[in-house]
2 protein chains.
Amino acid sequence: MSLRHAILVLLQDQEASGYDLAREFANSIGLVWNATHQQIYLELGKLNDQSMVKYRHIPQDGKPDKKLYRITDEGRDELTRWLRKPAAPPRVRDAFMVKIAGGSMSDSATIIRELDDQTDLRRERLNTFEALAAKLNDTHQDRDLFTYLTLRRGILDQQTWLRWADEVRSALEKREEQASSVPTSV
Amino acid sequence: MSLRHAILVLLQDQEASGYDLAREFANSIGLVWNATHQQIYLELGKLNDQSMVKYRHIPQDGKPDKKLYRITDEGRDELTRWLRKPAAPPRVRDAFMVKIAGGSMSDSATIIRELDDQTDLRRERLNTFEALAAKLNDTHQDRDLFTYLTLRRGILDQQTWLRWADEVRSALEKREEQASSVPTSV
DNA sequence: ACCACCATGTAATACGTTACATGATTCA
DNA sequence: TGAATCATGTAACGTATTACATGGTGGT
């Protein structure tokens, strides 16, 4: 229920359209909360009804018209209220890890194939985050500090995942050896 | 959509009631996928309708009757089919991290208070996982290997989180120093 | 007395996903 | 010619959360 708060956090900095927000959810804040454009437009509608945001209608030519949203004082109040009360622990829902937990039903090759795919993805992310973090190191604004800390979390997370994947690989290699030394395993 | 698969993974090993499964979702597999009893009973109903599980009704005295579910061949087929096709990347939804991203609106003390609460929680989890992993090291069954790998993921995750929290603490301490040296900051 | 544990469920509501829909512009 | 970008939305469906409901046993 804090899609609304993620939106308000983004609107703190600048006026933005739903489209702009969707792009940021695919990048920066998407690292910790993701949402699709449908959810965003819907939530912007609700936030507007509750006058936590307001918008100006911008006609454009060559492009569709857009609505530029900005946070209101009520919105800012809601944000600070939310920031003060403790957040519920995030619910975990990692399908890939369910597969690992049920891994004894798969053969090692199938698991390793998917592990390698995920590894590529994580490595890419790590590069993206590291590049973004490197850019921040020069400037020293208060907001950048929190962007930096968010990125740090992402970086450490990817690194840890990659380390874990290495452990899985060597464990599965050993498993293969044992499977081949004992002709038909139970 | 893989609550069903998480349930099937659990039923691989033993016959269990909805209540038993709920307990395991609060422990072992809850590390990677969590669900409440309502979801579980509902999903067991659906799985039964689709004959992926079946149950025996066990009357008890002193306690309410229960239904012991077991996986069927159809259920096992469904599981192996699912295990073979790639899982979608998990979507992140971490409210606490949204707070960090919007941290420039809070004062450091408020953030650190919540950080400390989360730290306690993570440390507790780390201990639990480490204790469980230590128990596994003796036996060497194939299933234990995957339980171990799942636990390893949890352990590395908690450790990384704790390391990150330390970084946040020192960054916020520096921030405080700067805030006090410059009387009224923007 | 009261709380926790065992064991199952229903119902209302909120939230999220997928598919559908439109239409001009710009770049390969 | 076809895909991507900009920009907004609706509708149907599926999943998740919260609250409600029941009732005996065993421990503090």
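In this text, all values refer to a predicted model and were calculated from it rather than measured experimentally. Just so we're on the same page: letters track the sequence lines, and every chain starts at 1. Atoms considered below: every heavy atom in the structure, side chains included; atoms not considered: hydrogens, waters and symmetry mates.
If you check residues 5-42 of chain B against DNA chain D, the residues with a heavy atom closer than 4.0 Å are Gln38(B), Gln39(B), listed by number. Remark: nothing in residues 74-85 of chain A comes within less than 4.0 Å of DNA chain D through any heavy atom.
Atoms OH (Tyr69(A)) and P (dG9(D)) sit 5 Å apart, rounded to a whole Å. The CD atom of Gln60(A) sits 12 Å away from the C1' atom of dA24(C) (whole-angstrom rounding). For Leu68(B) and dA7(C), the CG to P distance is 9 Å, given to the nearest whole Å. Atom CZ of Arg91(B) is separated from atom P of dC15(C) by 17 Å (rounded to the nearest Å). Rounded to an integer number of Å, the gap from Asp65(A) CG to dT25(C) C1' is 15 Å. To the nearest angstrom, P of dG9(D) lies 9 Å from CG of Leu44(A). Whole-Å rounding puts the Lys46(A) NZ to dG9(D) P distance at 15 Å.
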For residues 21-30 of chain A, please give each side-chain donor-acceptor pair under 3.5 Å, one per line with the distance, not counting sequence neighbours.
from	atom 1	to	atom 2	distance (Å)
Asn27(A)	ND2	Arg23(A)	O	3.1

Donor-acceptor contacts, no H, no angles, side chain residues 3-14 of chain A, under 3.5 Å, sequence neighbours left out:
from	atom 1	to	atom 2	distance (Å)
Arg4(A)	NH1	Glu43(A)	OE2	3.0
Arg4(A)	NH2	Gln50(A)	OE1	2.9
His5(A)	ND1	Trp82(A)	NE1	3.4
His5(A)	NE2	Glu78(A)	OE2	2.8
Gln12(A)	NE2	Val9(A)	O	3.1
Asp13(A)	OD1	Arg143(A)	NH1	3.3

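Although no hydrogens or angles enter the test, the distance criterion places no donor-acceptor pair under 3.5 Å between the side chain of Trp33(A) and the main chain of Met97(B). Of the possible donor and acceptor atoms, none in the side chain of Ser17(B) sits under 3.5 Å from a partner among the backbone N and O of Lys67(B).
Within the structure, side chain to side chain donor-acceptor pair (under 3.5 Å) contacts touching residues 94-105 of chain B (residues at least two apart or in different chains) are Lys99(B)-Glu114(B).
The pair Asp77(A)-Arg81(A) fails the salt-bridge criterion, with no side-chain N (NZ, NE, NH1 or NH2) lying under 4.0 Å from an Asp/Glu carboxylate O. A salt bridge links Arg76(B) to Asp73(B): at least one charged side-chain nitrogen sits closer than 4.0 Å to a carboxylate oxygen.
Transitive grouping of hydrophobic side chains (ILVMFWY, heavy atoms separated by less than 4.5 Å) brings Leu136(B) and Phe129(B) into a common cluster.
Taking all atoms of both residues into account, the shortest heavy-atom contact from Lys54(B) to Asn48(B) is CA-OD1, 3.8 Å.
Residue Gln38(A) is tested with Thr36(A), Ile40(A), Leu42(A) for a side chain to side chain contact (heavy atoms under 4.5 Å, CB included); the sole match is Thr36(A).
One distance of note links CD1 of Ile58(A) with CG of Asp65(A); it measures 9.5 Å at 0.5 Å rounding.
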Using a 4.0 Å heavy-atom cut-off to protein, can you give one letter per nucleotide of nucleotides 22-28 of chain D, 5' to 3': B if the base is in contact, S if only the sugar-phosphate is, - if neither? -B-S---

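Residue Arg93(A) is classed as a sugar-phosphate contact, given heavy-atom separations below 4.0 Å to backbone atoms only.
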